[in-house]
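Worksheet: one structure, shown below.
We're numbering straight along the sequence, starting at 1. None of these values were measured; they are calculated from a predicted model.
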Amino acid sequence: MSFADVDSAGSVAGTEARAHDASAAAPAGPLSEVRAGERVIVVEVGLDAELAGWLGAMGLGPGQTLTSIRRAAFGGPLHVRTGSGGELAINASLARSILVAPLPSQRRVG
(Lines give C-alpha, C1' and ligand atoms only; values in the text may rest on other atoms or scores of the structure.)
Protein backbone atom coordinates (compact mmCIF):
# COMPACT_ATOMS: atom_id res chain seq x y z
CA MET A 1 0.00 0.00 0.00
CA SER A 2 1.25 3.47 -0.79
CA PHE A 3 0.48 6.70 1.00
CA ALA A 4 -1.66 7.60 -2.04
CA ASP A 5 -4.06 4.84 -0.96
CA VAL A 6 -4.83 6.61 2.33
CA ASP A 7 -7.46 9.37 2.28
CA SER A 8 -7.53 12.50 4.43
CA ALA A 9 -9.41 10.70 7.20
CA GLY A 10 -6.69 8.05 7.39
CA SER A 11 -8.80 5.35 5.74
CA VAL A 12 -7.41 3.02 3.15
CA ALA A 13 -9.02 3.79 -0.21
CA GLY A 14 -10.97 0.94 -1.73
CA THR A 15 -11.05 -1.40 1.27
CA GLU A 16 -14.85 -1.26 1.52
CA ALA A 17 -15.16 -1.97 -2.20
CA ARG A 18 -12.74 -4.91 -2.01
CA ALA A 19 -14.60 -6.28 1.00
CA HIS A 20 -17.91 -5.95 -0.86
CA ASP A 21 -16.43 -7.66 -3.95
CA ALA A 22 -15.15 -10.53 -1.78
CA SER A 23 -18.52 -10.98 -0.09
CA ALA A 24 -20.34 -11.04 -3.44
CA ALA A 25 -17.93 -13.54 -5.02
CA ALA A 26 -17.43 -16.12 -2.28
CA PRO A 27 -19.43 -17.44 0.67
CA ALA A 28 -18.55 -15.58 3.84
CA GLY A 29 -18.41 -16.97 7.35
CA PRO A 30 -17.04 -16.14 10.79
CA LEU A 31 -13.29 -15.95 11.38
CA SER A 32 -13.80 -18.52 14.14
CA GLU A 33 -14.48 -21.18 11.44
CA VAL A 34 -11.28 -20.61 9.44
CA ARG A 35 -8.85 -23.54 9.45
CA ALA A 36 -5.14 -23.17 10.15
CA GLY A 37 -3.24 -22.17 7.03
CA GLU A 38 -6.21 -20.54 5.26
CA ARG A 39 -5.98 -16.98 3.90
CA VAL A 40 -9.13 -14.85 4.00
CA ILE A 41 -10.29 -11.29 3.49
CA VAL A 42 -12.26 -9.46 6.17
CA VAL A 43 -15.75 -8.62 4.91
CA GLU A 44 -17.37 -7.13 8.01
CA VAL A 45 -16.63 -6.55 11.68
CA GLY A 46 -19.87 -6.87 13.65
CA LEU A 47 -18.75 -5.03 16.77
CA ASP A 48 -19.23 -1.57 18.28
CA ALA A 49 -17.46 1.26 16.44
CA GLU A 50 -14.69 1.75 19.02
CA LEU A 51 -13.63 -1.92 19.07
CA ALA A 52 -14.05 -2.27 15.28
CA GLY A 53 -11.84 0.82 14.82
CA TRP A 54 -9.16 -0.60 17.09
CA LEU A 55 -9.23 -3.93 15.25
CA GLY A 56 -9.02 -2.08 11.93
CA ALA A 57 -5.91 -0.26 13.13
CA MET A 58 -4.43 -3.65 14.05
CA GLY A 59 -5.07 -5.03 10.54
CA LEU A 60 -8.46 -6.66 11.08
CA GLY A 61 -10.72 -4.26 9.18
CA PRO A 62 -12.90 -4.75 6.08
CA GLY A 63 -10.82 -5.42 2.97
CA GLN A 64 -7.75 -6.56 4.90
CA THR A 65 -6.29 -10.05 4.48
CA LEU A 66 -5.58 -12.51 7.27
CA THR A 67 -3.83 -15.86 7.49
CA SER A 68 -4.90 -18.29 10.18
CA ILE A 69 -1.75 -19.62 11.82
CA ARG A 70 -3.12 -21.93 14.50
CA ARG A 71 -6.09 -22.60 16.76
CA ALA A 72 -5.76 -23.20 20.47
CA ALA A 73 -7.34 -26.34 21.90
CA PHE A 74 -10.67 -26.38 23.73
CA GLY A 75 -12.12 -23.25 22.11
CA GLY A 76 -9.12 -21.07 22.87
CA PRO A 77 -7.93 -18.15 20.77
CA LEU A 78 -7.23 -18.13 17.05
CA HIS A 79 -3.72 -16.94 16.12
CA VAL A 80 -3.74 -14.88 12.90
CA ARG A 81 -1.23 -12.96 10.78
CA THR A 82 -2.42 -9.73 9.17
CA GLY A 83 -1.57 -8.71 5.62
CA SER A 84 1.00 -6.27 7.00
CA GLY A 85 2.74 -9.06 8.95
CA GLY A 86 1.42 -8.41 12.46
CA GLU A 87 0.35 -11.41 14.53
CA LEU A 88 -2.55 -11.46 16.98
CA ALA A 89 -4.42 -13.95 19.13
CA ILE A 90 -8.17 -13.39 18.74
CA ASN A 91 -10.48 -14.81 21.37
CA ALA A 92 -13.11 -17.22 20.01
CA SER A 93 -16.16 -15.04 20.76
CA LEU A 94 -14.52 -12.04 19.07
CA ALA A 95 -13.59 -14.19 16.06
CA ARG A 96 -17.27 -15.12 15.67
CA SER A 97 -18.05 -11.40 15.13
CA ILE A 98 -15.57 -10.99 12.26
CA LEU A 99 -17.03 -12.06 8.91
CA VAL A 100 -14.47 -13.26 6.35
CA ALA A 101 -14.41 -14.76 2.84
CA PRO A 102 -11.80 -16.92 1.11
CA LEU A 103 -9.33 -15.10 -1.11
CA PRO A 104 -10.08 -15.53 -4.82
CA SER A 105 -7.14 -17.91 -5.29
CA GLN A 106 -8.63 -20.27 -2.69
CA ARG A 107 -12.14 -20.56 -4.14
CA ARG A 108 -13.26 -24.09 -4.74
CA VAL A 109 -14.35 -25.06 -8.23
CA GLY A 110 -17.20 -27.41 -8.74
Rounded to the nearest 0.5 Å, what separates atom CD in Glu33 from atom OG in Ser68? 11.0 Å
Kindly give the heavy-atom pair with the smallest separation between Pro27 and Pro102, and that separation in Å. O-CD, 3.3 Å
Taking side-chain hydrogen bond (donor to acceptor under 3.5 Å, both in side chains) as the test, write out the residues that go with Arg81, two or more places apart. Glu87
In terms of hydrophobic clustering (I, L, V, M, F, W, Y; side-chain heavy atoms under 4.5 Å; direct or indirect links), are Val80 and Leu51 co-clustered? yes
Residue pairs passing the salt bridge (Lys or Arg N to Asp or Glu O under 4.0 Å) test with at least one member in residues 46-75, sequence neighbours excluded, are none
With no hydrogens and no angle check, is any side-chain donor or acceptor of Gln64 less than 3.5 Å from a backbone partner on Gly61? yes
With the 4.5 Å side-chain cut-off for hydrophobic clustering, are Ile69 and Val34 part of the same group? no
When every non-hydrogen atom of Ala92 is compared with those of Gly76, the smallest separation belongs to CB-O, 4.1 Å
What heavy-atom pair brings Thr82 and Gly59 nearest, and what distance separates the two atoms? CG2-O, 3.7 Å
Please examine the side chains of Val45 and Pro62, heavy atoms only from C-beta on, and report whether any two atoms are closer than 4.5 Å. yes
Leu66 side chain near Leu31 side chain, heavy-atom distance below 4.5 Å: yes
State yes or no: do Trp54 and Leu60 share one hydrophobic cluster built from I, L, V, M, F, W and Y residues joined by side-chain heavy-atom distances below 4.5 Å, directly or via other members? yes
State, yes or no, whether a side-chain contact exists between Leu55 and Ile98 at a heavy-atom distance under 4.5 Å. yes
Kindly indicate whether the side chain of Leu103, heavy atoms from C-beta on, has any atom under 4.5 Å from the side chain of Val40. no
Residue pair Leu78 / Leu88, side-chain heavy-atom distance below 4.5 Å: no
Please test Val43 against Val100 for side-chain contact (heavy atoms from CB on, under 4.5 Å), starting from the C-alpha separation and ending with a verdict. CA-CA 5 Å; Val43 175; Val100 298; 5.5 Å; no
State, yes or no, whether a side-chain contact exists between Pro77 and Ile90 at a heavy-atom distance under 4.5 Å. no
